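This report refers to the structure that appears directly beneath it.
Every value quoted in this text rests on a predicted model; they were computed, and no experiment measured them.
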Amino acid sequence: QVQLVESGGGSVQAGDSLRLSCAASGRTLSTLGIGWFRQAPGKEREFVTAVSWNGGNTRYAESVKDRFTISRDTAKNTVYLQMNSLKPEDTAVYYCAAPKAIYALLGIPTADAKQYDRWGQGTQVTVSS
């Protein structure tokens with residue numbers, strides 16, 4: 001019952017920052033937890049970060065830890081991914097996703113993409129060296 005739409009991507013130079021947005025409609029249990037994933041050209045989809053506000057838990061991939069931060073604006077029903085110190089290897093299509101309801105209920109910020117059943121359309125991030 002949740003629809004997700006990403007925005008905020010673009011082309012930047014190494015060292016720059018971007019803030020991605022994930023706007024959610026349909027306030028169900030799925031909105032209690034959100035994950036961010038990315039897929040670079042010719043590579044597999046990979047986990048970036050996830051949060052469960054129900055349990056107050058967050059999880060970050062080692063490749064983005066200390067550079068990326070996930071947050072939300074409850075009034076606008078939007079989740080943000082602040083990306084600082086961007087590197088060329090961050091170039092990818094970024095997706096936000098909502099997990100299966102059980103994970104929201106348990107407060108688990110799962111990194112397993114197979115446990116997410118609602119996905120946004122993706123937004124392109126390109127970082128030039």
Side-chain angles (χ1 to χ4, degrees):
Q1 293 294 324
V2 63
Q3 182 178 16
L4 305 174
V5 179
E6 303 96 332
S7 63
S11 297
V12 300
Q13 293 182 279
D16 287 349
S17 298
L18 281 173
R19 188 179 72 168
L20 306 184
S21 298
C22 177
S25 62
R27 302 177 71 175
T28 68
L29 290 175
S30 295
T31 64
L32 295 177
I34 290 290
W36 284 94
F37 296 80
R38 66 187 183 186
Q39 186 163 18
K43 297 185 178 180
E44 299 288 339
R45 179 174 53 188
E46 67 174 341
F47 169 75
V48 177
T49 184
V51 62
S52 172
W53 288 285
N54 187 31
N57 300 312
T58 59
R59 177 178 294 173
Y60 292 90
E62 288 298 319
S63 60
V64 305
K65 189 176 181 180
D66 298 325
R67 297 191 298 121
F68 292 9
T69 304
I70 190 170
S71 63
R72 69 172 176 176
D73 183 336
T74 56
K76 301 187 71 66
N77 203 26
T78 300
V79 177
Y80 301 102
L81 180 63
Q82 179 66 45
M83 307 186 296
N84 297 326
S85 302
L86 284 164
K87 306 174 180 180
E89 50 263 47
D90 294 319
T91 296
V93 176
Y94 284 71
Y95 302 89
C96 64
K100 297 173 182 177
I102 187 64
Y103 290 92
L105 288 170
L106 294 174
I108 301 174
T110 179
D112 183 1
K114 294 184 181 299
Q115 306 310 314
Y116 292 79
D117 57 9
R118 293 290 187 275
W119 295 80
Q121 84 287 353
T123 185
Q124 177 71 49
V125 172
T126 302
V127 184
S128 301
S129 61

How about V79 and I70: do any of their side-chain heavy atoms sit closer than 4.5 Å?
-> yes

Any chain of hydrophobic side-chain contacts (each under 4.5 Å) joining L81 to V64?
-> yes

Mind jotting down which residue pairs meet the disulfide (SG to SG under 2.5 Å) criterion with at least one end in residues 73-129? Sequence neighbours excluded, please.
-> C22-C96

Going hydrophobic residue to hydrophobic residue with side-chain gaps under 4.5 angstrom, can you get from L4 over to V51?
-> yes

Less than 4.5 Å apart, any side-chain heavy atom of Q115 and any of P99?
-> no

With the 4.5 Å side-chain cut-off for hydrophobic clustering, are V5 and W36 part of the same group?
-> no

Are any side-chain N or O atoms of D73 and backbone N or O atoms of T78, one a donor and one an acceptor, separated by less than 3.5 Å?
-> no

Here the gap from I108 atom CD1 to T110 atom OG1, rounded to the nearest 0.5 Å, amounts to 7.5 Å

Parallel, tilted or perpendicular: ring planes of F37 versus F47, cut at 30 and 60 degrees = perpendicular

Can you find a heavy atom in the side chain of E46 that is under 4.5 Å from one in the side chain of R38?
-> yes

Pick one: which of L86, L18, L20, T49 meets side-chain contact (heavy atoms from CB on, under 4.5 Å) with F68?
-> L86

Is the backbone of E6 close enough, under 3.5 Å, to the side chain of Q121 for a donor and an acceptor to pair up by distance?
-> yes

Taking R118 for the side chain and A98 for the main chain, is one N or O donor matched with an acceptor at less than 3.5 Å?
-> no

Which atom of S17 lies closest to which atom of Q82, heavy atoms considered = CB-NE2, 4.0 Å

Is there a path of hydrophobic side-chain contacts, each under 4.5 Å between heavy atoms of I, L, V, M, F, W or Y residues, that connects V93 with W119?
-> yes

Quick one: closest heavy-atom pair of P88 and S129, and the distance?
-> CG-CB, 3.7 Å

Non-hydrogen side-chain atoms of Q124 and T91 separated by less than 4.5 Å | yes

Residue pair Y60, D66: steps toward the side chain to side chain contact (heavy atoms under 4.5 Å, CB included) verdict | CA-CA 9 Å; Y60 292 90; D66 298 325; over 6 Å; no

State, to 0.1 Å, how close G107 and S52 come at their nearest heavy-atom pair, and which atoms those are.
-> CA-OG, 2.9 Å

V48 side chain reached by Y94 side chain, heavy atoms, under 4.5 Å | yes

Taking all heavy atoms of A50 and all of Y116, pick out the closest pair and write down the distance.
-> CB-OH, 3.5 Å

Does a sphere of radius 6.0 Å around CD in Q13 hold more than 12 heavy atoms from other residues, nucleotides or ligands, not counting ones at 6.0 Å or beyond?
-> no

Do the side chains of I34 and Y80 join up, straight or via other hydrophobic residues, at under 4.5 Å, putting them in one cluster?
-> no

Would you say D90's side chain and V125's backbone share a donor-acceptor pair under 3.5 angstrom?
-> no

